[in-house]
Structures are given as C-alpha cells and as structure tokens.
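Just so it is clear, the structure is predicted and the values come from calculations on it, not from any experiment. Letters A, B, ... are given to chains in the order of the sequence lines, protein chains preceding strands, and every chain is numbered from 1.
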Amino acid sequence: MPTSDYDPACLPDLLPLYYRRLFPFSQYYRWLSYGGVSKNYFQNREFSFTLKDDIYVRYQSFTTQNELEKEMQKMVPYKIDIGAVYSHRPSQHNAVKSGTFQALEKELVFDIDMTDYDDVRRCCSAADICSKCWTLMTIAIRILDRALREDFGFHHLLWVYSGRRGVHCWVCDDAARKLSVAARSAVAEYLSLIKGGEETVRKVVLSDPIHPFINHSLSVVERYFCQYAIVEQDILGSKESVDKVLALLPEDILSFPVVLGAQLTVISLSLTYFDKEIMLQYCYPRLDVNVSKGVNHLLKSPFSIHPKTGRISVPIDLKELNTFDPFEVPTISLICEELERPRADEAEDDDVKDKENEQEAGERRRIRDYKRTSLAKYVKVFDRFLEAMARSRKGEMLQKSDLQKDF
Amino acid sequence: MQFPGRRKKLIGSSQNDLYDHCLQFYGQPPLENISLTEFETFAVERLKLLKTVENLGVSCVKNSEQYTKKLDAEISKFFFNKEDGISEYEKRRKDHISHFILRLAYCQTEDLRRWFIQQEMDLFRYRFNDLHSKHKTDFLHKNNLKYETVSAEEKKSLQDKLIASSYGLSGTKVEEHDVYKVPFQDALDLVRTRKVYLLAGNAYIPHHEIVTIVLNDFRTRLSKALAMTARSLPAVQSDERLQPLLSHLSHAYVGQDYSIQKNIGKISLEQIDALSGKSFPLCMRHLHKALRENHHLRHGGRMQYGLFLKGIGLSLEQALQFWRSEFVKGKVDADKFDKAYAYSVRHMFGKEGKRTDYTPYSCMKVILSNPPSQGDYHGCPFRHSDPELLKQKLQNYKVSPSGTNQILELVKGMHYQLACQKYFELTHNVEDAGFSLNHPNQYFTESQKLLSGGRDIKKEVDMSQRSQENPASVTRPSQANSKQAHEEMGDLDSFFQDE
C-alpha cells in the first residue's frame, strides 16, 4: 500500500508544509468565489478552524485568496469547516447590529456516515470501515447523485471522501445555494426512506403505489445486493443474522428468505413488498437530515485533513466510482514524503522562474508541487468540476445577454 | 390604507378593473372612503362568517354534504343585501374591505393571528374549490402564480410515473385534467412527503393538488401582511372612532345580547334549583351550587351569575331577595347585605351609578376575561377547570363515559363552546343541539324551548302533524306548555337528584 505510516503526532510538522506547498488555494478560492457574480461572496463566507489542543474558532473570514493563505499558514488548523455566506463579514459579526447578521446562502450538503449503518453491517462498527462495507457508500452515492440530478435538476455536485468513515456531497448550483431551510429539509425528507432508531426493527415500509424515485433507488440496490449482502456481508451466513433478517418480516406471515438467482426473494403468502423493504433496509443511504437542513451548518472542508487518519478529504471521481478505494486515498504523511523526493527535470525551471514575481513563483511552485504527489489526480477532479461550473455560468450569461440583445 | 371618513366616494368606472375575479389574495388594501356604519357592519358580518367556518370545521367533516350546505348558506347570507340584489362588484368590495378591517382587529397577538389565518384559509379553500376549472386557472394567472400546464404529449409520456406518484390519480384523470409544472421549491409539502413526481427540478402537480400549493401561498402572504399590520397598528388605534370598535371585534360576541329582559317574573325563585340542573349551562350550575353551599360568591361570580339570572327573567326585587336570603345564611347579616351587596345588585340592573343596564356575559367574555383564581367559581369550566376535575364533575352529573370523552376531546382542542354544546346535547338527550352556542342565556332559552316541547327534534314531526289536524290545541301554548313542562320537570328532577 502506497501509504506512509501516519502518526498524528507528526501533524504539527506536516501541516505547515501542507498549507505552504500543497493545499490547492487557487482552485479553492476559485470555487468559493463562484465567478465573482455575487459581490463579496467569498469575503462573507464563514470558515471555522480547530487548532492544536482542540481550540475551536468560528466566524473566520478572509478578504482575498492571499489573506486566506497567510492566515491558514499562520494558524495551522487541524480541521477546517466551511459555513454559510453571511450578510456581513463573519469576522466582524460582533460589530453588526444584533439581528441583522444573517446567514444568506450556502451549498446544499449531505453527510453519509458509515456509523449510521451499524445495525445492518456485520464486518465493522462505529468508526471502522473496510472494503466490504464501503459498497454501502457506492450505493449511496449512485442513488443520491441520480436523484439530485434527475429529480431535482441540480448539475454541479461535488462528492468528497470525508477522510474516515463517510462521504459528503456539496450541491453547488446557484439555485441550491439559495434554498431556504424548509426547502432543504423537504429535499432531505424526499430522499429519506429509513425511518426509526434503535427502537424500530422494521425501518422501511412501502405501500402502493411505489413512487418512481423508490423504483430508481431499488434498481441501484438490486444491482449490488447479491454481491454486497449475501457474499460480502454474509447476512444469511449465521443463525443470528438470518434471525435479524426474519425479524423484519411481520409476525403473522409464514415465510423464509431464499436466494433466487441474484435476488433475495421472500417466499410468502402475502402481496406486500417484503423483499424490497429488506433490501432497502440493508442498503439504502442513511442521511442525517439535520446536516442538510441548516443554512448555517458547518461542514468539513474538501482538501482538509482528517486528524485521526491523516487522510485528505478528496473529491471523488464518479466515473471511477466502482474502483474508488478509501484506503488508497493519500495521507498527509505520504504526500509530504512524496514532496521531498527530488526530481531531476525541475532544476532548470527553477532558475528561469526565479526572476518572476515572488507570489506567482510561489504559486507555480505549488502547482508543480502537488502535481508530484498522489494529490494530483484529485485536484484534477476538482478542476474539472470547476470548469463545468464556469462553462455553465458563461452559458447563462450568454443567454441573458441574448435575451437583452447585447452584442 | 386611508382611514374611513364620512361620505362614500367611489371611483366610478374602474369598478371592473379593481375586482377582476370573485376571489382574491387580498394583496392590495382598499383605497376608498367608507362610512363608520359600513365599517362596523362589514366587520361584524365577516366575523360571523368566520366563526361559522370555525364551528363547521370542527363539527362536520370538511367537504361533506353537511359542511358544504351550511357553509354555502352562511356565505350567501354574508353577500346578501337586503335590497333588491347585490351586484357582483358590491360582493367583491364587501369581501375585500371586510377582510382588511378584520386584519386590524386580529393582528395583535400570535393567537389571534393564528385563528384568523386558519379561518380565512378554510374559507378561501372552500371558495377556490368551488370555482369552475377555468376560473381556477384564471385566478392562478391573474396572481402571477407561474404554473404552466403540461402539454398533452408530455402528459402521455409521463403517465405511468404520474400515476405512481400522486395520490388518487388515474389514467383518465391525467388525460382529462390539467397537470401543472411547478418549480419544486413551490411545492415543498408535496416534495417532503414524496407525493408528487419530480423531474429536472419541477414538480408535476395534478389539478386537485394545486389547491394545497395555492393555500400555502395564501398563508405565507397573509402571515407576512398581519405582521406588518401589527406594526402600523398604534397609528390606527389612536383614531378614537376606530379604537373601541377594533378592541371589541377580537372579543366580539355577535348574537343576541339578552339585555332586554323578556319573561320578567316568569321564573319563580323556587324553580331556580331545579332549573340549575336542567337548563343552566355548566358554568352557571357550578356557580349556583357554590352559592348554595358557601352562601357566598365573590365579585366575579356575582357578576357572571347575577347578570345571567337577570337575563333569564329575574326581576330586581326577586334578585335582591335571592341574594339576600342566601348571603344571610352565611356570614353576612341582613343589614350588612343591604349596605354592601344590595347596591351592587341594583347596579347590575342599571338602577345605580351611571345607570348602565349591564348585559349578561357572552361565552367569549367568560372564556377570555377575568380568569378565576383560588376561591373563585366563575369562568368557563371547560376552559378553566382542570380536565380531571371536569371529568369527575361530568360523571357526577351522570354524563356517560363516552360522552365525557367527547367533551374532553373538544376541550383539548380548545373548543370550549362546542364542549358546552356537547354537554347540552348529552344532558338533553338530543343528537344535535340545533344551535351554535355563544351565550349562557342562549343555552338556557334553548334548553327551555326543548324541554317544553317547542323544538324537540323527535317531537317536531308530531307537532307539525298535530298542528295541522288540531289547530285549536296549539293556540294556547303557554298554558299547556307550562303544565307539560311541570310534569316533565318532575320526571327530570329525579334524573338530576344526586349531586
């Protein structure tokens, strides 16, 4: 495995290096400026940092990319969260008349956490993950990505590995950022099928007619179910786990689960949807509605580090989703090590560039730097995402100017 | 909004422009002058209408035949003008102006606002549903609700998906009726519960669901408007002509006020005990019992009960005798009574001080003002009694357990007058009280009517038949009735004996 052993004790040394030479500031700034269409969009964005010794600071805001860089290099945050775009600069929120400082916009976000599946996975529990249960994330991403695009009409979705046990989705469309609390919670509820906590045994209940969204989701689940549940999770492999499956059936029905071909089928005397309900309960994505609801909710930033695992929160390329392996995601120690490895062909470039502007040189160096590491391919995914948004904005402006007949 | 002045001034021909649809969202306040009389009449009449909406909403299943019939009747009454006819314009104008006046009265507290919004919404829903399909679409367009209808081809291609997502939608319905395409942000309730088909950010809403959306819009607009109205209210309240009107509207009782005493002297003091069990509403029965037991009542109780007794027909002399005989049994001697309490009794009858002939309290007044504290017996038991104690009391009064539960349910829903109405129905053994309870004296009158056979639903058919056959037997109802009533009282007495 191409991962250097990560030791959290090294963070104080690794982080400064990461923020100086590897963190993709210019792409990051480009993202959060959203083309400069709205005035002060970046300046009014809240960031929160968790510093060494768990010191937590909120309402951080920055006026330029340069200021962002300098502050991050100075404060060396262990964790970085992104919040909302406010009515005023968050760093000056105390100076604003009470009641007028308000969160205005933010991306629509989703947080899928593997811990929420503990009742249906046998391989791991709590913060642990493995290749067997990672399929659940794949299923979640496929289902939610389709729904957000096809049902809700969103286009610009950034899926990010959280660094330990889950994934996040950032829906960055203009319309998404402007959604109200009620709208966000409505979207999250539309996407929720698993209802109930520890007290509830049967968490999915389907009835006629089956909404097209559920049918779409089922077809995704069915594709993966046999391999995931029967083989990997081995849910019929022991009496205990078979009992758990049977517990999901209503008491009065005589039935037993049978694997017929690639599907779990329940032979029963009833006309309801047991088989579908069971598959959904084992595989359907579990969202935390509260994360998605709040306009001012703070969520872990892409490209930040997860202090416990050292892994970078990298964007996920959906075209390669089936081969995505969370254990292949680079750690900060790996990329810092990769940075140190000298490369012969760079020596000449350095001489030429030395004569240019220092900042530009610094940036160019940095761009060269991350390209030398395993971080490169993930920054590329991010670049493509930003390109798509830029094209879309251009398209909109052309449309608008066409309508106004500006040539 | 310009405040009402003296004369009516109208801007002639723009009549049709002003109200281009029989329904409206009440977005723009009226801009004309109206007389104070019209101001008050419009307000009171709309209030009656809204109270009916409230009552029907609780006592009938919405949209059932009964509901529709009764609400229809009330709406016609509202728009009815005693002269020859009322033009469509006048109807819409009344609708418009009365709504805005009530906003002034109902914007002040959260409770009032909530009540007003709820009733206006129910009324709007009813009137919108009643519209012809074409007029519905008209309304949507006129109000900038950019809901496009889906083309026939698109409908066909999406037919299965539409049927699978919307409740109560069939193939024929999709073909025949319009389906609207609405940005999903405007249909959140349907999205949240996944009761609608979504595609590319649009919700595909069948015609019958459009109402929900429109109502949400209505509620949001009205809620915002009321908040704004509340802010400008101080300016309005400083107008001396309006202030008394507005402050009474929100507590208004809009029925008979029982201030003019009928049947003075028809009730004898000996009858009161029996009457309290049979024909008194629970609050007065409670007060009477407390008076008999303690030989005393505090001021709040004396006012509420004393005025009620005046309303049922006690004369001043009877009242003085009644109160004195009771108080004297207690700690008060006759002299003290004459000095201290007699004055207030006379005051109640308008014979002292500024000689106002006080009117007996309406239910609204009893429920909303002057809540009882320790040692008080006034107020409305359905509102002010602890539910457990209320339950016990009802059981003592031989109300059936299922009846008691029905009453407690209504109390839980804060429908105190309906709870009392239910108490009436249970104690008089009728299914439908046949009136909408608003006043304790109304309770008494209706009860007496019922018990004397004047309006008994079961007996009504017989009565009408009898009256056709034997006109003579109906001519002297008072004598026959009092004898009959006496006999009935005898029977019913035993019913109420153990207290």
S.K.: Measure the acute angle between the ring planes of B:Tyr26 and B:Phe100, then classify it against the limits of 30° and 60° as parallel, tilted or perpendicular.
M.R.: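 Perpendicular.
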S.K.: Please work out whether the ring planes of A:Tyr41 and A:Tyr34 are parallel, tilted or perpendicular, with thresholds of 30° and 60°.
M.R.: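 Rings of A:Tyr41 and A:Tyr34: perpendicular, as their planes differ by over 60°.
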S.K.: Relative to the ring of A:Phe152, is the ring of A:Phe154 parallel (under 30°), tilted (30 to 60°) or perpendicular (over 60°)?
M.R.: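 Ring orientation, 0 to 90° scale: parallel.
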S.K.: Would you please indicate if the ring centroids of B:His99 and B:Phe116 are separated by under 6.0 Å?
M.R.: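 B:His99 vs B:Phe116: aromatic centres under 6.0 Å.
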S.K.: So for A:Ser185, is it side chain, backbone, both, or neither that comes closer than 4.5 Å to the heavy atoms of chain B?
M.R.: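 For A:Ser185, the contact with chain B is made by backbone and side chain together.
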S.K.: Under 4.5 Å heavy-atom distance to chain A, tell me which part of B:Leu190 shows up: side chain, backbone, both or neither.
M.R.: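 No part of it gets close to chain A.
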S.K.: Name the option with the most non-hydrogen atom pairs under 4.5 Å to chain B; the candidates are A:Leu179, A:Val187, A:Leu148.
M.R.: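 Of the candidates given, the most pairs with chain B belong to A:Leu179.
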S.K.: Check each atom of A:Tyr190 against the heavy atoms of chain B and say whether the ones under 4.5 Å are side chain, backbone, both or neither.
M.R.: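 When you check distances to chain B, atoms from both the backbone and side chain of A:Tyr190 fall under 4.5 Å.
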S.K.: Non-hydrogen atoms of chain A under 4.5 Å away: do they reach the side chain of B:Phe184, the backbone, both or neither?
M.R.: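 Just its side chain gets close to chain A.
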S.K.: Quickly, which of B:Arg219, B:Arg46, B:Arg221, B:Arg127 forms a salt bridge (Lys or Arg N to Asp or Glu O under 4.0 Å) with B:Glu120? Name it, please.
M.R.: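 By the salt bridge (Lys or Arg N to Asp or Glu O under 4.0 Å) criterion, B:Glu120 pairs with just one of B:Arg219, B:Arg46, B:Arg221, B:Arg127: B:Arg46.
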